[in-house]
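Chain letters run A, B, ... following the sequence lines, proteins first, then strands; residues in each count from 1.
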Amino acid sequence: MAKTGRIDWRQLIRYGLLAGVAALYVSVIGMVEVFSQRSLITGVLTLGQLLLFSAPVLAGYLAVYKDDESQTAAFSLLKGVITGLFSSLPLIALVLLANAVNLRAMFVNVSPALIDILVFGQGTAVGVLLLLLSGAIWGTLGVIIHLLPDKTRHVVLVGLSWTLGAGMLSELLIQVFRPLFGSGFIRFVFQGGALKLWASIVVFILVTLLDWYWSKRREEVKTKMANLNPTQRRAGMGVGLLILLILPWILGTYLSEVLDNVGLFILMGLGLNIAVGLAGLLDLGYVATFAIGAYVMGLFTSTSSLGVGELNFWIVLPISILAAMTAGFLLALPVLHMRGDYLAITTLGFGEIIRILALSDWLSPIIGGAQGILAIPKPQIGSFVFRGPQEIYYLILAGCILAIFVSSRLNNSRTGRQWMAMREDEDVAAAMGIDTTKSKVLAFTLSAASGGLAGAIFASKLGTIFPHSFNLLISINVLSLIIVGGMGSLPGVVVGAFALVALPELLREFAEYRLLLYGALLIVMMLARPEGLWPSAVRRRELKGTEEEEIEGGEGAPVAVTAD
Amino acid sequence: MREKFFERFSWVSLVLNSFRIIVIILIVVGAFNTLQGGKYTTSQWVSLSVSGLAQGSIYALIALGYTLVYGILLMINFAHGEVFMAGAFTAVFVAEAFKESGFLDSSPLLAVTILILVAAVVSTVVAVILERVAYRPLRGAPRLVPLITAIGASFFLQYTFRGLYGSGFKSYPEVAAVQGTWHIAGNDIPIVQIVVFVAAILLMVALYWLVERTKVGKAMRAVSENKEVAALMGIDIDQIIVMTFAIGGALAGAAGVINGLYRPQGVSFTMGFFPGIKAFTAAVLGGIGNIPGAMLGGLFLGVFESIGPNLILEGLGIPAANQLKDAIAFTMLVLVLIFRPQGILGERLTEKKA
């Protein structure tokens, strides 16, 4: 290891420049400018700045990460400064270059506004100095975080992430708090859709205190939770269900709409989870089942000229699920002998064929072509109509609970175990007497059911369906949420859906970069945490195994995601 | 025993065989009807086939990237379509500058060569970074893992380039030198199609020479045969893998510019998706991992896609058959994977690899 006070220049420059390139990247693709409109703490920090600064902080942290105890603190800090200075260089180059030539002709997002953000609104000369200074400061901050004693660091990081999270979700908090505490409170705490400085400090202190308290009591609470008797458990579930039932009326229309979307994706995620998570069959054409469910629902209930029969929602619901299952069954037959990559591309092909057919003039007399199907009535029970998002919510909730129930039963069933065995090694599974043909067909068929249900609800929720709603991105969305949550894990699907569907919905600035972040997330998850955020027990053992240390080392991974 | 065998396999193979028969009947009936109807003249068929060949040679160039990587790593580089897009999308800016300065019209050959080089370099860089960041750390991981990474990388690259160059469509400037037609054997054939075809063939010949005649090519073949033994022979495996990605990337970049000559419109961040999938189809069609197979598969797919809608679908009475062109390519992919997964020329593909 390095002797006391020795500076490994190459390493520092490498980390510094890498961080700088990351900062340059987020600037050039326009994230910094767009995210600067979202302020986290009024007048102090915007999301754009957070994005820019997290890279040098991380670089400073990594620069001293592997140092041993013999390093003196002063030298570590010096390393942070050096790393930080180097991390500013790519941005400085960008600023100077943008002043000299019109970069915008090629890089559309290198706007004067971006350059202004980068130089802190101070003009080029002062701005460059400020950039160097800020790089040095953030690099040092990274080192300081590393130098903190473990417990303090944990508390500080937890406090920081909650504070920043609260700042990011201010709009959501405002919507929830306004009916509860009144507008006066809102004006008192928030300003311009962000936390006021004092409020964020209060949040920070509260969270650190809570975290400190929690770390003392954690074991106690855990044992208590584990020792609950069935009645208490049932009571807990009852309370949870009650909260779920009144949720849309607390949250209001807009947030209920978001919740509905999350619910639909949970439904699809649960379905795809059977194929991908349990049986290990990577299905990229999952949107096809969703589309079939929606189109069947649309065709048989629509009151427009395309409608056939104008049947009741509740009659068509099982039909559309059956139709989706049939499609899943038919899809399964030809792909029985394919594995991995081939399966993925073939299923992707199926999904695209369905979309192209739905768009074509050939089938448009039957299913409406690009114009889609209009006038799909809302479902109703007696005189209760599922009209708005708050009512539809119950339908989706019921679907989700049903799907979760079925999935959890499947998980622990003989079939589920067969799927898992097949996922691990098909040949061995077959040798153990598992009928892989049957298992695969079953996996595809059951997996499609949930997609069909989601599609049917989707169609009657919107009232109209267009082929454009059923593109590949839906499949990718669903796949991403499964992977992020943890393949094969039911709570993982829910966590993944909230993280990937609700969050971008709430942070409008993300809209444009949503798929970029999904892509980055898929890569980072596979590299750093292939078992997902909330892994299933089996999967965790299997993927972690001997790599325990490496994953622990990836502490900075969540930061890296935002920095990308 | 015998009964049990039938019990387990017969219904699946029954379905697949009837599916096969239906497909054959549809193709025959469709083609028969169209030819019987005499809607198209011979020269129309010729021009459709020639434009199919031109399009197919572009698929073939991209397909080589899939095949090269598959040959060595046994993985499908899902993001290869985006590598193609990266080169094409970047070079369009250079092409615009060339057009403005008049360089493109005064010395078209040199200008297009430079464009191809630019695109090839950009695509190569993207492919190499992709390998380094997304694939190398995952060598030896379960197969699903690099595949998911590749899908992630594909979207990451698409939206990166959308962030860099914007979401609008751009188009390559027209090169005056390749406008117009040549009169060959009674048919008017657009010069641009001939140029595209010839350029692609030249690149493929260069690749073939590289793989078969040079030391690097020998090393590549050795690595694809057996990694451990190749390493024992003193071959740097990592370097060869990077090399493979680089060559595949360069070909894809070149394909990007050639594609721009042929179809100037529609250069955007999503342009890689369909060519990527189709090139993959071409690679599978020819037998994945097999270099001449990828070339042949590309050409075949191009021609089939070009005449298929008119020949088969119209014969079946389907209106606006050209809308279904993309569906034809996908259907073909599915059919090949079901009935002849080893492709036209492939023999290496065993059950395990598929």
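Annotation: B/Tyr165 is in aromatic contact with B/Phe89 [ring centroid separation under 6.0 Å].
Annotation: maximal heavy-atom pairing with chain A below 4.5 Å, among B/Leu138, B/Thr160, B/Val92, B/Leu333, occurs at B/Thr160. Listed options B/Leu335, B/Val133, B/Thr149 were ranked by heavy-atom pairs under 4.5 angstrom with chain A; first place goes to B/Thr149.
Both the backbone and the side chain of A/Leu333 come within contact range of chain B, each with at least one heavy atom under 4.5 Å from a heavy atom of that chain. Of the two parts of A/Ile354, neither the backbone nor the side chain holds a non-hydrogen atom closer than 4.5 Å to a non-hydrogen atom of chain B. Of the atoms belonging to B/Ile277, it is side-chain heavy atoms, and not backbone ones, that fall under 4.5 Å from chain A. At a 4.5 Å heavy-atom cutoff, the contact between A/Ala105 and chain B is made by backbone atoms alone. For chain B, no part of A/Val110 is nearby; none of its heavy atoms comes within less than 4.5 Å. For B/Phe161, no part sits under 4.5 Å from any heavy atom of chain A, backbone or side chain. Residue A/Leu330 does not touch chain B at all, counting heavy-atom pairs closer than 4.5 Å. When heavy atoms are compared at a cutoff of 4.5 Å, B/Phe274 approaches chain A solely by way of its side chain, counted from C-beta outward.
Between B/Phe156 and A/Tyr25, the angle of the ring planes stays under 30°, which puts this pair in the parallel group of the 30/60° scheme. The aromatic rings of A/Phe35 and A/Tyr513 sit perpendicular, their planes meeting at an angle over 60°, well past the 30° parallel limit.
For the pair A/Tyr518 and A/Arg514, the minimum side-chain heavy-atom distance is below 4.5 Å.
Taking CD1 from A/Ile523 and CD1 from A/Ile483, the interatomic distance works out to 12.5 Å, rounded to the nearest 0.5 Å.
We find that A/Arg355 and A/Glu352 are joined by a salt bridge, their nearest charged nitrogen and carboxylate oxygen being less than 4.0 Å apart.
The only member of B/Thr331, B/Leu301, B/Val336 that meets side chain to side chain contact (heavy atoms under 4.5 Å, CB included) when paired with B/Thr281 is B/Leu301.
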